[in-house]
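This report concerns only the one structure given below.
Small disclaimer: the values here were computed from a predicted structure and weren't measured.
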Amino acid sequence: MLKNFGFIIASRLISAALGFCLTFVLWELPRDGSGDFGKYSFYIAIASTIPFFINLGIDKSFVVFTSAEKDEKKYTNYLGLFWKSKLILSFLILIGCFIYYLVNDQRSLIMVALLAGLVFGFSESFKPPAESKKNFSFVALIVPVRNLILLILSIILLANDALTLQNIILCLLIANSIYLVSALTLYKLYVAPFTIKTNLPYKTLIGDSKWLFVKEFVQLISANMEIFVLTFFIEEGAIDVSERLYFASAFSVCKILPLFTSSLTKVLLPSVVNIKTTEHLKIYIKKLSKTLLVSVPLGVIFFGLVYFFVTNYKESYVDSLSLMPLIILGTFFTFYTNNLSLIFYRKGQVHFISTLAIIQFIVGACLCFYLIPIYGAIGAIISFLCVRIVGFIITLIKTRISLYGSSSKISE
C-alpha cells in the first residue's frame, strides 16, 4: 500500500507542480471587467460535469466488486461489460453535444468545453481497471500527461500574445485528446485488453452501481454548486463579477490539496473494501486518525507558502487570501469523510454513501442561495465549509455506531 501510495503521490506531485505553473500562466488572462479568469473556471466546471455521465457510478463499482476477483475469465467478462457501457454512454453524450450545438449556435465555446469534458471522461475510464488490479504504476504514469500538454500549449499561447479564453479552451480539448491516446496506448500495453466481449446483462452494472450513481450524481452538482450559483447571481445583477473571480482565484491555488487527499483514497479503496472483520476496520480507523499529526502541520505550512507567494509575487490575489484557510479546512474535512466512508463501500452499505451525498447537497443548496446574494464569494466559501463539516459529523457518527455500537452493522 505504501509503494502504491508512493507511486500516486509522486505522480500527483508532478501533476500538481504542472497545474500550479499552469495557474500562474492563466493568471495572465484579462482580470478587468471581462473577468476572463472567472469565466475560465466556469467553463472548466461545465467540462467537469460531462465525465459523470460516462461514469454513472460504474468506475467505483468496478473497483469495489472486481478488486478481489481471482478468476481471470470472470474479470475479463466484467471488463467487457465495463467497456461496452463506456462506449455506449460516450456515443450518447456525443450525440447530445451536437444536438446542443445545433440548437444553440451562439454557444460554440460551451460546445468545445463539453467535448473536452467528454474526451477527458473517457480517458479517466482507463484508471478503474488498473486500480482494481492495484496497478498504480500505470495510474501514476498517465496522471501528469494532460497538465503537461496543457501547460506547454498555454506557454506557447502566452509567448505569442494569443492567450485568450477561446484559445485556452481549445487547448484544453487538444490536451485531453492527447491524454486519451496516451492512456489507451499504455493501458493496452500494461493493464488489460480493450474488450467489449461479455455475456453479462446490463442489469449487473445497474445492480452494483445504482447507489454509487446517486452518490456520484449528487456530488457532481455539489462540487460545482458554488461557481454555478455565483454565476447565476452575477447574471441576475445581484453580485459583482469580481466575487466569482475571488472565489475562482482562491480555489485555483488550493486545488493542489485534493490531488494529495484523493490519492490516498484511491489507493485505500480496493484494500479497505476487502477487509472482512470489524476488528481490522477498527485498526484502520485508528491508523487514519493518526494522520492528523501529519496533515494538520502540512496544512498550516501550505497556507504559509501560499501567503508568502501571493503577497510577494501576486498582489492582485491578496483579496482571495482570506478565503483560502476555509478552503484548506474544508478539504481536510472532505479527506477524512471520504476515507472514513470507505468502510461502507460494500454490498448492503453503499446506500449510506448516497444518503450522505444527498444531505450534503440539500445543505449546500440552501446555504448557497441564502449566503451568496448577501456575502458573495465569502458566502460561497462558508457554504463550502459547512457542507463538509456536516458530512464529516454524519460519517463519524455512522462509523461509531457501526463499529463500536452494541451490535456491529458491518458485515464480517
Side-chain angles (χ1 to χ4, degrees), residues 23-24 26-49 104 106-107 109-110 112-114 117 163-166 168-169 172 218-255 257-258 303 306-307 310-311 314-331 333-334 359-391:
T23 300
F24 188 81
L26 294 178
W27 278 347
E28 301 304 320
L29 283 168
R31 298 178 57 82
D32 52 23
S34 67
D36 270 2
F37 187 81
K39 289 181 181 178
Y40 170 76
S41 298
F42 174 66
Y43 284 118
I44 290 296
I46 291 174
S48 67
T49 62
N104 295 273
Q106 301 299 316
R107 303 285 187 174
L109 197 56
I110 292 181
V112 176
L114 291 173
L163 188 66
T164 64
L165 179 62
Q166 291 77 12
I168 196 63
I169 297 298
L172 179 66
V218 175
Q219 284 192 337
L220 166 72
I221 301 173
S222 300
N224 298 297
M225 185 184 302
E226 290 84 7
I227 195 73
F228 286 147
V229 176
L230 281 165
T231 300
F232 171 78
F233 282 113
I234 287 171
E235 293 178 350
E236 291 291 313
I239 59 175
D240 190 75
V241 68
S242 61
E243 297 296 330
R244 182 176 60 187
L245 182 61
Y246 298 149
F247 180 86
S249 300
F251 259 91
S252 69
V253 174
C254 295
K255 67 182 180 182
L257 289 176
F303 178 69
V306 169
Y307 184 88
V310 170
T311 53
K314 279 291 176 181
E315 293 185 3
S316 57
Y317 275 65
V318 169
D319 291 335
S320 298
L321 274 175
S322 61
L323 307 180
M324 294 180 191
L326 299 182
I327 295 175
I328 295 170
L329 184 59
T331 302
F333 278 113
T334 300
I359 293 173
Q360 288 183 288
F361 169 73
I362 294 172
V363 172
C366 293
L367 290 175
C368 276
F369 280 95
Y370 177 74
L371 295 174
I372 287 178
I374 302 174
Y375 301 108
I378 294 177
I381 294 298
I382 293 173
S383 171
F384 168 85
L385 178 59
C386 289
V387 167
R388 276 121 189 106
I389 292 175
V390 168

Please find the pair of heavy atoms, one from A47 and one from A113, that lie closest to each other, and give the distance. CB-O, 3.3 Å

Just jot down the ring-ring contact (aromatic ring centres under 6.0 Å, His included) partners of F361, sequence neighbours excluded, or say none. none

What are the two closest non-hydrogen atoms of E226 and C368, and how far apart are they? CG-SG, 3.9 Å

Could you go through residues 372-389 and list every donor-acceptor pair under 3.5 Å that involves a side-chain atom there, pairing it with any protein atom two or more places apart or in another chain?
residue : atom : partner : partner atom : Å
S383    : OG   : G364    : O            : 3.4
R388    : NE   : T334    : OG1          : 3.4
R388    : NH1  : F384    : O            : 3.1

Can you list the residues that meet the ring-ring contact (aromatic ring centres under 6.0 Å, His included) rule with F333, with sequence neighbours excluded? F392

What's the spacing between Q360 CD and I362 CD1 if we round to 0.5 Å? 11.0 Å

Greater than 12 external heavy atoms within 6.0 Å of F228's CZ: yes

The reported gap from CE in M225 to CZ in F369 (rounded to nearest 0.5 angstrom) is 8.0 Å

